[in-house]
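Taking it in order: structure first as structure tokens, then the write-up.
Naming convention: chains lettered A, B, ... in sequence-line order (proteins, then strands); numbering from 1 in each chain.
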Protein chains: 2
Amino acid sequence: MLDKAIPDIVIGRLPLYLRTLQTMAEQGRQVTSSQELGEYLGISAAQIRKDLSQFGEFGKQGTGYNIPYLIEQLSEILNVNRTWEMAVIGAGDIGHAIARYQGFIDRGFKVKMIFDSHPEKIGKKIGEFVVQDAADMVARIRAAEIKIAMLVVPAQHAQAVTDQLIEAGVRAILNYAPVMLNVPPEVRVQHIDPAVHLQRMTYYLD
Amino acid sequence: MLDKAIPDIVIGRLPLYLRTLQTMAEQGRQVTSSQELGEYLGISAAQIRKDLSQFGEFGKQGTGYNIPYLIEQLSEILNVNRTWEMAVIGAGDIGHAIARYQGFIDRGFKVKMIFDSHPEKIGKKIGEFVVQDAADMVARIRAAEIKIAMLVVPAQHAQAVTDQLIEAGVRAILNYAPVMLNVPPEVRVQHIDPAVHLQRMTYYLD
DNA sequence: TAGATTGTTAATCGATTAACAATC
DNA sequence: TAGATTGTTAATCGATTAACAATC
């Protein structure tokens, strides 16, 4: 019998569970419960138990969940019990900030290279990186077998760059450009658009 | 009879409709259809019609939707037919990038001030702004009647700063810190955490 | 007019929650 | 043991879709 696929909406919550558990672990905590996690995240305890039960039995009745153990299990499920190398495309302000961001490494990610197409940016240093020519992007990403890209180019170039990334073998794109991207089904895309997030709140303001 | 509240998940899609329509308008387009919008966004045409019908009748049978008119209507619904002034809290790399970001103004937002607590940052210029002392934050935000803040401080300070923002009258927070924020029900929060977005994709990678 | 597309209803589908036996 | 909390089932709730009359 074919296992039913895990719903996307469940997968979407797992990183929040993991982040919360890692914060607890940093505070020296050893165990937690679905109730405590739920209260912290604004999610029902039943939902957390149900989500986790899709993947196995990670808790103990009467006790709850062992934090280091659940971190290990969730990291494995999410494929972040390893470090993914990433390419940043676009060396503007945001690309710059991402390349220097220190928060990725503990969570399974590392920026490996950054590209731009503007001659005045190519060769410049950003943190530990030298901005590379976008003309070499496909070859370099393919040679390094990089599968994840963060796209930080102007909206009008986003689709063309995406097509190149796919050609280079990229399978996951975190898109900072305020446009949808057309990709084949085996490529995943997530979007970050601050204005969209802000507009989701202004509806509720007077 | 009490009108049923519009579901949050519907509100969440409206900014995507608006963004798409604005892109179409820039291209000189005059009309579109629920089908075209749906194909572009990866949403069913029926859902788009149903979402819009919660707020009124904006289309014409046989023709579709007039783009400038629908932009106007959605802008009004989302309260972005005005410009919201925002405060940026934290003048690190990301705060820096946000303060200089040019993409807000067309979408209803404008950065008005930026704060930091580090003496070496206070007084420095970022774009057109001078970094202000976080000690003055509550008074300055309250005096300017700013209702929206972008929170770009280290995780360990996020809750304490949030408490101050609420004291200052802020009603919507875009949180870049990788932690949940505890806020009263009248305050809205949206989260941006690149590592969470990345982990939502690595699940699907080998 | 004929073709296209809306707005809306009813049916379907899927996600969340409540409840509880099992058991640490 | 008594209290706590899991994993799971069934019930509920809510969101999505299909279909079509209305009409531009």
Side-chain angles (χ1 to χ4, degrees), chain A residues 1-18 20-21 24 29-74 77 200 203, chain B residues 1-18 20-21 24 29-74 77 200 203:
Chain A
M1 188 154 66
L2 194 63
D3 279 3
K4 205 160 286 168
I6 310 290
D8 233 66
I9 199 163
V10 173
I11 303 304
R13 282 189 291 262
L14 301 186
L16 299 175
Y17 301 164
L18 179 56
T20 306
L21 291 161
M24 288 173 169
R29 302 276 313 279
Q30 285 295 320
V31 296
T32 186
S33 64
S34 59
Q35 177 168 359
E36 188 188 32
L37 279 171
E39 268 168 26
Y40 179 78
L41 289 166
I43 292 176
S44 80
Q47 174 145 94
I48 288 174
R49 293 202 301 278
K50 185 134 214 280
D51 285 353
L52 296 176
S53 76
Q54 304 255 21
F55 302 96
E57 307 193 355
F58 305 126
K60 255 206 190 77
Q61 285 103 326
T63 308
Y65 299 92
N66 177 284
I67 292 172
Y69 176 70
L70 191 50
I71 287 173
E72 197 184 299
Q73 294 296 311
L74 284 174
I77 292 164
R200 284 174 181 161
Y203 171 80
Chain B
M1 190 152 67
L2 194 63
D3 279 3
K4 206 159 287 171
I6 311 289
D8 234 67
I9 198 163
V10 173
I11 303 304
R13 283 189 291 261
L14 300 187
L16 299 175
Y17 301 164
L18 179 54
T20 305
L21 291 161
M24 288 173 167
R29 303 275 313 280
Q30 285 294 321
V31 296
T32 185
S33 64
S34 59
Q35 176 168 358
E36 187 188 33
L37 278 171
E39 267 167 28
Y40 179 77
L41 288 165
I43 291 175
S44 80
Q47 175 145 93
I48 288 173
R49 292 201 303 277
K50 185 135 216 277
D51 284 351
L52 296 175
S53 77
Q54 304 256 20
F55 302 95
E57 307 194 355
F58 304 126
K60 254 206 189 77
Q61 286 102 323
T63 309
Y65 299 93
N66 177 285
I67 292 172
Y69 177 69
L70 191 50
I71 287 173
E72 198 183 297
Q73 294 296 310
L74 284 174
I77 292 164
R200 284 173 180 161
Y203 171 80

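Considering CG of A:Leu18 and CZ of A:Arg13, their distance stands at 15.0 Å, rounded to 0.5 Å. Rounded to the nearest 0.5 Å, atoms CE (B:Met24) and CD1 (B:Ile67) are 5.5 Å apart. Interatomic distance, B:Glu39 CD to B:Ile48 CD1, rounded to the nearest 0.5 Å: 10.0 Å. From B:Leu37, atom CG reaches atom CD1 of B:Ile43 across 9.0 Å, with rounding to the nearest 0.5 Å.
Put simply, CG on A:Leu70 is 11 Å from P on D:dT6, counting in whole angstrom units. Distance, A:Gln54 CD to D:dT8 P: 10 Å, rounded to whole Å. Per the geometry, CG belonging to A:Asp51 stands 14 Å off C1' belonging to D:dT8, to the nearest Å. Atom CD of B:Glu36 and atom C1' of C:dT6 are 15 Å apart (whole Å). The OH-P distance, from B:Tyr69 to C:dT6, rounds to 15 Å in whole Å. Going from atom NZ of A:Lys60 over to atom P of D:dG7 covers 11 Å, rounded to whole Å. Distance CG (A:Asp8) to P (D:dT16): 13 Å, rounded to an integer number of Å. Atom CD of A:Glu39 is separated from atom C1' of D:dT5 by 14 Å (rounded to the nearest Å).
Sequence order on DNA chain C of the closest nucleotides to A:Pro7 and B:Ser34 puts B:Ser34 first from the 5' end. Place A:Gly62 and B:Ala45 on DNA chain C by their nearest nucleotides, and B:Ala45 ends up nearer the 5' end.
With contacts defined as side-chain heavy-atom distances shorter than 4.5 Å, the pair B:Glu72/B:Phe58 does not qualify. Between A:Thr32 and A:Tyr40, every side-chain heavy-atom pair lies at or beyond the 4.5 Å cut-off. Counting only heavy atoms from C-beta outward, the side chains of B:Phe55 and B:Leu74 never approach each other to under 4.5 Å.
B:Tyr65 has a side-chain polar atom (N or O) that falls below the 4.0 Å cut-off from OP1 or OP2 of C:dG7. Contact between the side-chain N/O atoms of A:Thr63 and the OP1/OP2 oxygens of C:dC24 is not found at any separation under 4.0 Å.
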What's touching nucleotides 17-22 of chain C from the protein side, N or O pairs under 3.5 Å?
from	atom 1	to	atom 2	distance (Å)
C:dT17	OP2	A:Ser44	OG	3.0
C:dA19	N6	A:Arg49	NH2	3.2

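Closest heavy-atom contact between B:Tyr203 and A:Ile77: CD1-O, 3.3 Å. When all heavy atoms of B:Pro7 and B:Gln54 are compared, the pair lying nearest together is CD-NE2, 4.1 Å.
Checking D:dT8, C:dA15, D:dT5 against the side-chain heavy atoms of A:Ser33 singles out D:dT5 as nearest. When the nucleotides D:dT5, C:dT5, D:dT8 are ranked by their closest atom to the side chain of A:Ser53, D:dT8 comes out on top.
Consecutive pairing runs in DNA chain D reach the stem threshold at C:3-24 with D:3-24, where a stem means at least three Watson-Crick or G-U wobble pairs with distances under 3.5 Å.
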